[in-house]
Undergrad: 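Shown below is the structure under consideration.
What you see is a predicted model, and the numbers here were worked out from it, not measured in a lab. All residue numbers refer to positions in the sequence shown, counting from 1.
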Amino acid sequence: MTRRDHRDRPEGPCRGRTAPSCDEGLLPLLHAQRGLLNAQLADPANAAVNVVMTLDITGDLDIETYNEAIGRTLEEFDTFRLRLCLRDGDWFQHCPPSRARPAEVLDVRAEADPVAAAERHFARLDEQAFDLVGGGELFRVQIVRVADRHAIVYFAAHHLACDGYAATWSQLRVAEVYRALVNGTEVPPAAVRPLADLLVATRPDPVDVEFWSDYLRGVGPRLSLSSNRSRPAARPHVASRCVPGGFAVLRAVGDRPRWFTAGLALVTLQLAHLLEATEVVVGFTTPGRTTPVERSTPAQLMNVVPLRVPVPPGVGLDATQHAIETELSRVRPHLTARPEDLVWHLPVGWRQARVYGPTFNALPPLVRLDLPGCDVVETIRSRGPVDDLMWTFHPRGHDLLVELRGNPHRYDATTVTGIHDELCRTVTALVEGGR
C-alpha cells in the first residue's frame, strides 16, 4: 500500500517556488490547515478559499475608534496575523505583532452612486487571492464611507487562518471593545488563547486513519449529483430564501431536538431521492472543537466530516435524524484530520476519489452586533470553497435562512435553484403541518 508523505508539495504553478524563511515562534500547521494550503498552492490565483463578510453600518459610527477596536482585536486574535514560511522543506506558521492601524479607510461619498461604487470595489477584492508563497498577510479589512452616517466594513481572511467560528467571534469582540472605548469604560479581558496553545501534531493519529479506512470502505461510486471533478470556483451559484417558522419547526423534530441534525436529515433525504440511493455519504461541517483549549482558541479548526447515513426506502425524517446522531457519535472521537489530509493515508485508489458528496453547514443563531447608536447588517460574501453543493442553514429568530451554493464548474444555476426550491418547499410543508 503506497502512501504519500504530508510534506509532499503538490504539482502546480507554485512547484519549486519558495517562501521567506523564519526562525521566531514557528508553529506546525494544524490538521484543518494542511489541505487548504495544498489546495491554494496548486491554484494560487483561486480566491475561493477566502472567508469574506461585510458589515453595513448606519448611524453614528466613530470610525477612528472602531479602527482602534479592530487593532486591539488583532493583538488578541493572533490567527489574523498569521504568516507562512518554509523551513527544512516543510511549511510552518508564525504570528508577528499587529500593525498599529489595520484598516484602510476609503471615502466614496463623492461618487454618483456611492453604494454601487463600494460594491464594485468589494467585487474586485473578492477576486484577490492571498499570497501564501510570498509570506504576506492572510487578513485584510477596509472601511468604506458611503455617506455621512453610513459606512461599510469589509473583512476577508484566508480560510487557512480562520474558520467561520473564529470570524464571527472576532466580530463580536471588535464590537465589545468598541462599546467600551466609546463609553469610556474598561475593556473587558478577552477569553482568547494564542495559537501556540494548540499543541496539535501535524499528522493524523494512526488509530484515526485506521478508523476512517474501515468507515469509508465500500462507499458507493455515486456520492455526488455531478460527475465533474473540477476545482472550486470563487463565485458559486447561490440560491437563498428565508422560510418563516423554519427554525422553530426543526427544533421540534425527533426525540433529541438538535435542530442541525434535523436539517441535515432533510438534506440527506433529498439527496437519497435525487441519487436514488439507500445510503448517502454527506459532508457535515463541524467546528472540530472538542477540548477547552480548542474552544478558546480562534483558528482554522473546521472539519468536513463524512457521514454514512443509511436511507432505506420509505424512511422518515425522525428515523433519518436518529441515524445521523448515531453516525456522529461514532466519528466524533476521530476528527484529527480533514478528508483532504486523510486520503493520502488511504489506499492508492482513494486518491482521486471523493470521500463525501454535498456538504451541510449549520450556522449558529443570528447574533446582532451591538454598536452604540448604529444599526448593523452582516452579509456573508464567501464562507470558503464550494467543492460540490453546500447547504447552509442559518437561524433568524423563529425563521430559517436556507442557502444552497453550487460549484459552477459542476452545476448550472437552474439546477441549483431547482434543488434549493424543492427543499424549501419541504421545510414550508413541515411548518404548515404543525411540526
Side-chain angles (χ1 to χ4, degrees), residues 48-54 126 155-157 159 162-169 171 224-225 232-251 253 258-271 274 280 282-288 300-307 321 324 328 356-367 377-408 410-411 413 415-428 430:
V49 290
N50 294 346
V51 179
V52 185
M53 67 177 66
T54 58
D126 289 345
F155 291 90
H159 223 320
C162 80
D163 53 21
Y165 182 97
T168 299
W169 186 2
Q171 299 309 315
S224 171
L225 302 177
R235 290 285 188 177
H237 296 307
V238 180
S240 182
R241 183 188 309 171
C242 192
V243 180
F247 181 48
V249 74
L250 288 186
R251 294 179 64 185
V253 170
R258 301 213 298 177
W259 73 270
F260 59 89
T261 55
L264 180 53
L266 281 173
V267 171
T268 299
L269 287 171
Q270 182 185 32
L271 293 175
L274 293 173
V280 172
V282 63
F284 176 54
T285 304
T286 175
Q300 171 50 271
L301 289 172
M302 297 300 288
N303 200 359
V304 180
V305 179
L307 294 178
Q321 184 193 22
I324 288 170
L328 281 173
Y356 56 84
T359 303
F360 178 80
N361 184 31
L363 298 182
L366 181 65
V367 177
V377 177
E378 178 182 320
T379 300
I380 306 296
R381 299 178 68 92
S382 172
R383 297 188 182 92
V386 179
D387 182 68
D388 192 86
L389 292 171
M390 177 175 281
W391 285 104
T392 298
F393 282 16
H394 194 175
R396 301 289 179 95
H398 290 291
D399 304 333
L400 183 71
L401 182 64
V402 179
E403 179 188 272
L404 177 62
R405 295 189 295 159
N407 185 346
R410 299 183 179 178
Y411 301 95
T415 299
V416 172
T417 299
I419 295 173
H420 177 263
D421 287 346
E422 180 182 358
L423 191 129
C424 287
R425 287 194 296 270
T426 301
V427 177
T428 300
L430 287 174

Undergrad: Give me the atom names and distance for the closest heavy-atom approach of Glu422 to Leu274.
TA: OE1-CD2, 4.2 Å
Undergrad: Between Gln321 (side chain) and Thr261 (backbone), is there a donor-acceptor pair under 3.5 Å?
TA: no
Undergrad: Please report the interatomic distance CD(Glu403) to CG(Asn361), rounded to the nearest 0.5 Å.
TA: 9.0 Å
Undergrad: For the pair Arg410 and Asp387, evaluate side chain to side chain contact (heavy atoms under 4.5 Å, CB included) and give the outcome as yes or no after the intermediate values.
TA: CA-CA 9 Å; Arg410 299 183 179 178; Asp387 182 68; 3.1 Å; yes
Undergrad: Which heavy atom of Ala362 sits nearest a heavy atom of Trp259, and at what distance?
TA: CB-CH2, 3.8 Å
Undergrad: Can you give me the closest heavy-atom contact between Ser224 and Asp388, atom names plus distance?
TA: OG-OD1, 2.6 Å
Undergrad: Locate the shortest heavy-atom distance separating Val416 from Gly406; write the atom from each residue and the value.
TA: CG2-CA, 4.0 Å
Undergrad: With a 4.5 Å heavy-atom cut-off, do Leu271 and Pro358 have their side chains touching?
TA: yes
Undergrad: Taking the side chain as everything from C-beta on, heavy atoms only, tell me whether Leu423 gets closer than 4.5 Å to Ile419.
TA: no
Undergrad: Would you check if Leu400 and Arg396 make a side-chain contact, meaning some heavy-atom pair closer than 4.5 Å?
TA: no
Undergrad: With the side chain counted from C-beta on, respond yes when Leu264 and Leu307 share a heavy-atom pair under 4.5 Å apart, and no when they do not.
TA: yes
Undergrad: Start with the C-alpha gap between Phe393 and Phe247, add the side-chain angles, then the distance that decides, and say whether ring-ring contact (aromatic ring centres under 6.0 Å, His included) holds.
TA: CA-CA 9 Å; Phe393 282 16; Phe247 181 48; over 10 Å; no
